[in-house]
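Here's the structure, in structure tokens; my notes come after.
Not measured: the values here are computed from a predicted model. In the text below, chain A, chain B and the rest are named by the order of the sequence lines, each starting its count at 1. Basis for what follows: all heavy atoms, side chains included, without hydrogens, waters or symmetry-related copies.
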Amino acid sequence: MSERRTFPPVAEQMDIIRENAEEILPEEELVRKLERSYEKGIPLNVKLGCDPTSPDLHVGHSVVLTKLRQFQDLGHQAILIIGDFTAMIGDPSGRSKTRPPLSLEEARKRGQTYYEQASIILRSDHLRIVYNSEWLGKMTFDEVIRLTAHYTVAQMLEREDFAKRYKAGVPIGLHEFLYPLAQAMDSVAIRADVELGGTDQRFNLLVGRTIQEKYGQEPQVILTMPLLEGLDGREKMSKSLGNYIALTDPPEEMFGKVMSIPDELILKYYRLAVFAPAEQVAHLEKQLKEQRINPRDAKFQVAKALVRRYYGEEAAEAAAAHFERVFVKKAIPDDIPTVTVAPGTTVGLVELLTQHQLAASKSEARRLIQQRAVSVDGEKIVDIHATITLEHPVVIKVGKRRFLKLQPSA
RNA sequence: GGGUGGGUACCGAAGCGGUCAAACGGGGCAGACUGUAAAUCUGCUGGCACAUGCCUUCGGAGGUUCGAAUCCUCCCCCACCCA
């Protein structure tokens with residue numbers, strides 16, 4: 001830990017750090033910190049707090065994780081803070097009222113899966129993982145009151161989210177005011193030099209600066225990364241909205257999801273999800289602008305690049321081929337879910353669809369049939385009373401994406 | 001503690017005694033088209049039966065009525081204003 005590290009020249013570091021960053025506040029302070037670290041051979045403590053409530057990491061998370069990775073690559077110390085304590089209290093964003101507070105144990109467990117998924121992007125050296133219950137859990141009420149005295153209600157209401165909700169008459173729990181402060185205490189506890197976050201974290205990160213100073217520390221520099229919109233192209237990518245690409249999504253799924261983003265997002269995904277080099281992004285942008293490339297092909301390229309990033313070249317090729325086959329040529333994919341059935345039995349199509357989860361209810365199954373969404377062995381079935389006698393293998397297709405093969409057992 | 005306005009389907013939001021499974025928008029699903037699971041357009045979107053029909057749903061529990069999301073009573077929850 002105490003060995004002297006060496007770093008690239010500061011200017012070079014700054015170029016990398018600035019890449020894709022939305023905001024660095026204050027930038028001169030970062031330069032000073034980097035210079036000092038360079039001279040003394042001491043890495044900066046770069047903090048990223050994470051909320052383990054939803055254990056599925058997605059491409060939205062990857063944006064800021066990638067930035068952290070860059071710091072690691074430069075030789076700095078990444079500190080991943082698992083917010084097990086904060087998760088235990090509940091969710092601060094006010095968005096998901098359904099999110100139940102977790103037990104410490106549960107929060108820890110999810111923190112573990114969070115870490116496992118984060119290590120898809122992070123390297124394992126230059127990495128420290130800490131749980132914030134370690135210090136937050138030890139604070140006495142007295143200490144908490146002292147902490148809250150450092151901030152005012154008016155200051156809290158400066159946060160856009162709070163201001164908006166207050167104005168709209170949406171409840172704000174008192175404990176939510178404690179979140180930025182708790183997060184700030186994390187910075188104090190680990191003596192953060194830099195804290196990363198999405199632009200929506202701006203306020204919280206800034207509170208960290210103030211509080212660190214109150215506790216006699218040099219304030220951290222904050223670096224925010226742009227938020228990546230989800231598949232709908234409208235809202236921020238998030239699990240609760242279901243508009244996300246999980247880091248663990250299988251290649252084909254990942255590919256298809258990229259293909260479903262609105263055209264306007266192509267470049268943004270290339271930049272932030274793929275983290276493609278600036279020149280390549282610029283190149284693609286130019287091609288699109290001059291209409292020298294079809295947006296579909298551009299998206300195809302981005303989809304492939306994303307799969308390549310997580311699964312490698314071969315998987316990328318395979319996923320692309322799969323998409324081409326299933327959606328462009330509308331053929332049947334080669335590995336589809338198969339169920340074996342007793343041969344010779346005759347079943348109603350409606351029952352078949354509901355039994356195998358191709359439709360949620362019989363009413364839905366009928367609707368789908370009436371809407372010409374169902375085909376059996378490539379033949380559209382429009383009759384809701386249709387039955388199938390299972391003698392040969394039969395492929396049922398519902399909509400564009402749902403397939404099922406029925407295999408009569410020999 | 002007092003006052004006012006609210007709680008409606010996945011979400012937002014109309015409805016304010018029958019014509020309400022509940023307008024409209026979003027989301028979702030499907031179809032057409034296409035350059036793709038983009039965009040656009042069209043349709044569908046509680047369940048069961050599909051022929052009429054039946055059952056469950058409008059914060060909760062009761063009640064009035066031939067009939068309630070709509071009226072009454074009590075209760076729970078939320079926001080705002082005043083203390």
Side-chain angles (χ1 to χ4, degrees), chain A residues 59 94-99 157 162-174 176 229-246 249-270 273 284 287-288 291-307 319-333 348-351 353-355 357-375 380-387 396-403:
Chain A
V59 166
R95 241 168 216 284
S96 47
K97 18 193 166 180
T98 47
R99 213 179 261 180
L157 285 175
F162 286 150
K164 259 198 211 142
R165 282 204 274 156
Y166 189 65
K167 209 184 254 173
V170 178
I172 301 171
L174 205 49
E176 296 184 52
E229 286 88 346
L231 304 177
D232 52 40
R234 196 161 298 165
E235 306 277 354
K236 164 188 164 188
M237 186 180 285
S238 83
K239 174 131 198 239
S240 51
L241 292 171
N243 60 356
Y244 66 101
I245 304 174
D249 270 342
E252 289 165 5
E253 193 69 13
M254 204 177 246
F255 194 98
K257 281 180 176 176
V258 175
M259 291 307 281
S260 81
I261 61 172
D263 288 355
E264 305 78 68
L265 249 47
I266 295 174
L267 288 168
K268 197 164 185 187
Y269 267 64
Y270 199 37
L284 188 64
Q287 283 185 301
L288 279 168
Q291 303 200 341
R292 288 180 39 225
I293 185 170
N294 188 317
R296 189 211 82 110
D297 295 331
K299 214 187 280 184
F300 210 82
Q301 199 175 311
V302 173
K304 224 161 137 180
L306 188 72
V307 177
H322 175 266
F323 187 89
E324 192 70 43
R325 183 168 61 238
V326 177
F327 298 108
V328 181
K329 299 198 181 118
K330 296 191 165 58
I332 293 163
L349 186 55
V350 169
E351 281 73 34
L353 295 183
T354 47
Q355 261 166 37
Q357 281 86 45
L358 294 169
S361 67
K362 291 187 179 175
S363 298
E364 185 180 295
R366 291 195 187 94
R367 253 179 255 130
L368 286 166
I369 293 170
Q370 280 162 350
Q371 285 175 145
R372 312 176 50 82
V374 180
S375 64
K380 284 250 186 282
I381 306 289
V382 207
D383 178 15
I384 56 173
H385 299 289
T387 55
I396 299 180
K397 182 182 180 195
V398 178
K400 287 175 184 139
R401 314 177 46 198
R402 278 170 277 173
F403 296 92

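Under the salt bridge (charged side-chain N to carboxylate O under 4.0 Å, His left out) criterion, Arg296(A) pairs with no residue at all, not counting sequence neighbours. Considering only residues two or more places apart in sequence or on other chains, Pro333(A) meets the side-chain contact (heavy atoms from CB on, under 4.5 Å) condition with His322(A), Val326(A), Ile336(A), Phe403(A). Scanning for side-chain hydrogen bond (donor to acceptor under 3.5 Å, both in side chains) contacts around Arg234(A) gives an empty result, with sequence neighbours left out. The side-chain hydrogen bond (donor to acceptor under 3.5 Å, both in side chains) check on Tyr269(A) picks up nothing, with sequence neighbours excluded. With sequence neighbours left out, Lys400(A) forms a salt bridge (charged side-chain N to carboxylate O under 4.0 Å, His left out) with no residue at all. Qualifying ring-ring contact (aromatic ring centres under 6.0 Å, His included) partners for Tyr244(A), counting only residues two or more places apart in sequence or in other chains: His58(A). Legend: residues meeting side-chain hydrogen bond (donor to acceptor under 3.5 Å, both in side chains) with Asn294(A), ordered by chain and number and at least two apart, are absent. Remark: Glu364(A) engages no residue in a side-chain hydrogen bond (donor to acceptor under 3.5 Å, both in side chains) (not counting sequence neighbours). Here Tyr166(A) pairs with nothing under the ring-ring contact (aromatic ring centres under 6.0 Å, His included) rule; sequence neighbours left out.
Spacing between U73(B) and A22(B) at atom C1', rounded to whole Å, works out to 26 Å. One C1' atom belongs to G27(B), the other to C10(B), and the distance between them is 8 Å to the nearest Å. Nucleotides C76(B) and C66(B) have their C1' atoms positioned 32 Å apart, rounded to a whole Å. Nucleotides G67(B) and C75(B), compared at atom C1', are 26 Å apart to the nearest Å. For the C1' atoms, the distance from U57(B) to U70(B) is 15 Å, rounded to whole Å. Using P as the reference atom, G26(B) and U40(B) are 10 Å apart when rounded to the nearest Å. Atom name P, nucleotides A32(B) and A37(B): the rounded distance is 11 Å, in whole Å. Between U56(B) and A68(B), the distance separating the two P atoms is 12 Å to the nearest Å.
Closest-nucleotide positions on RNA chain B for Ile261(A) and Glu364(A) were compared, and the one nearer the 5' end corresponds to Ile261(A). Between Thr354(A) and Phe255(A), the residue anchored closer to the 5' end of RNA chain B is Phe255(A), taking for each the nucleotide with the nearest heavy atom.
Nucleotide A23(B) has no partner under the Watson-Crick or G-U criteria, as no pair reaches both atom distances under 3.5 Å. Pairing for U70(B) is absent, with no Watson-Crick or G-U wobble pair whose two atom distances lie under 3.5 Å. Judged by Watson-Crick or G-U wobble contacts below 3.5 Å, the nucleotide A14(B) has no partner. Remark: G1(B) base-pairs with C82(B). Criterion, Watson-Crick or G-U wobble with two distances under 3.5 Å.
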List, with names and distances, any nitrogen or oxygen atoms from the protein found under 3.5 Å away from nitrogen or oxygen atoms belonging to nucleotides 30-32 of chain B.
residue	atom	partner	partner atom	Å
A30(B)	OP1	Arg402(A)	NH2	3.3
A30(B)	O2'	Gln371(A)	O	3.1

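Note: Arg402(A) CZ to Leu368(A) CG = 6.0 Å, rounded to the nearest 0.5 Å. Within the model, atoms NZ of Lys380(A) and CD1 of Ile369(A) stand 12.0 Å from one another, a figure rounded to the nearest 0.5 Å.
Contact between the side-chain N/O atoms of Lys362(A) and the OP1/OP2 oxygens of A49(B) is found at a separation under 4.0 Å. Of the side-chain N and O atoms in Ser260(A), none sit less than 4.0 angstrom from OP1 or OP2 of A38(B). Ser361(A) has a side-chain polar atom (N or O) that falls below the 4.0 Å cut-off from OP1 or OP2 of C48(B). The phosphate of A37(B) has neither OP1 nor OP2 within less than 4.0 Å of any side-chain N or O from Arg325(A).
When all heavy atoms of Val350(A) and Ile384(A) are compared, the pair lying nearest together is CG2-O, 3.4 Å.
The stretch residues 295-303 of chain A touches RNA chain B through Pro295(A), Arg296(A), Lys299(A), each having a heavy atom within less than 4.0 Å of the strand.
Nearest nucleotide to the Arg234(A) side chain, out of A38(B), G27(B), C48(B): G27(B). The side chain of Asn294(A) lies closest to G35(B) when the candidates are U45(B), A37(B), G35(B).
Residue contacts for Tyr166(A): at a heavy-atom cut-off of 4.0 Å it reaches the sugar-phosphate backbone alone, with no base atom in range. Ile266(A) comes within contact range of no nucleotide atom at all, as no heavy-atom separation falls under 4.0 Å. Residue Val326(A) is classed as having no contact, given no heavy-atom separation below 4.0 Å to the nucleic acid.
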Study note, to complete from the structure: Under a 4.0 Å heavy-atom criterion, the protein footprint on nucleotides 51-59 of chain B, written with B, S and -, is ---------
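Following rounding to the nearest Å, Leu265(A) (CG) and A38(B) (C1') show an atom-to-atom distance of 11 Å. Rounded to an integer number of Å, the gap from Ile369(A) CD1 to C29(B) P is 19 Å. Look at CZ on Arg367(A): it is 13 Å from P on A49(B), rounded to the nearest Å. Between the C1' atom of A39(B) and the CE atom of Met259(A) lies a distance of 14 Å, rounded to the nearest Å. Between the NZ atom of Lys239(A) and the P atom of C10(B) there is a distance of 20 Å, rounded to whole Å. Taking atom CG on Asp232(A) and atom P on G25(B), their separation rounds to 19 Å, with Å as the unit. Atom pair Tyr269(A):OH and A38(B):C1' shows a separation of 12 Å (rounding to whole Å applied). Atom CG in Leu241(A) sits roughly 13 Å away from atom C1' in G28(B) (whole-Å rounding).
Within 6.0 Å of atom CZ in Arg372(A), 12 or fewer heavy atoms from other residues, nucleotides or ligands are found, so the atom counts as exposed in its surroundings.
Between Arg401(A) and Glu252(A), none of the side-chain N atoms (NZ, or NE/NH1/NH2) sits under 4.0 Å from a carboxylate O, so this pair counts as no salt bridge.
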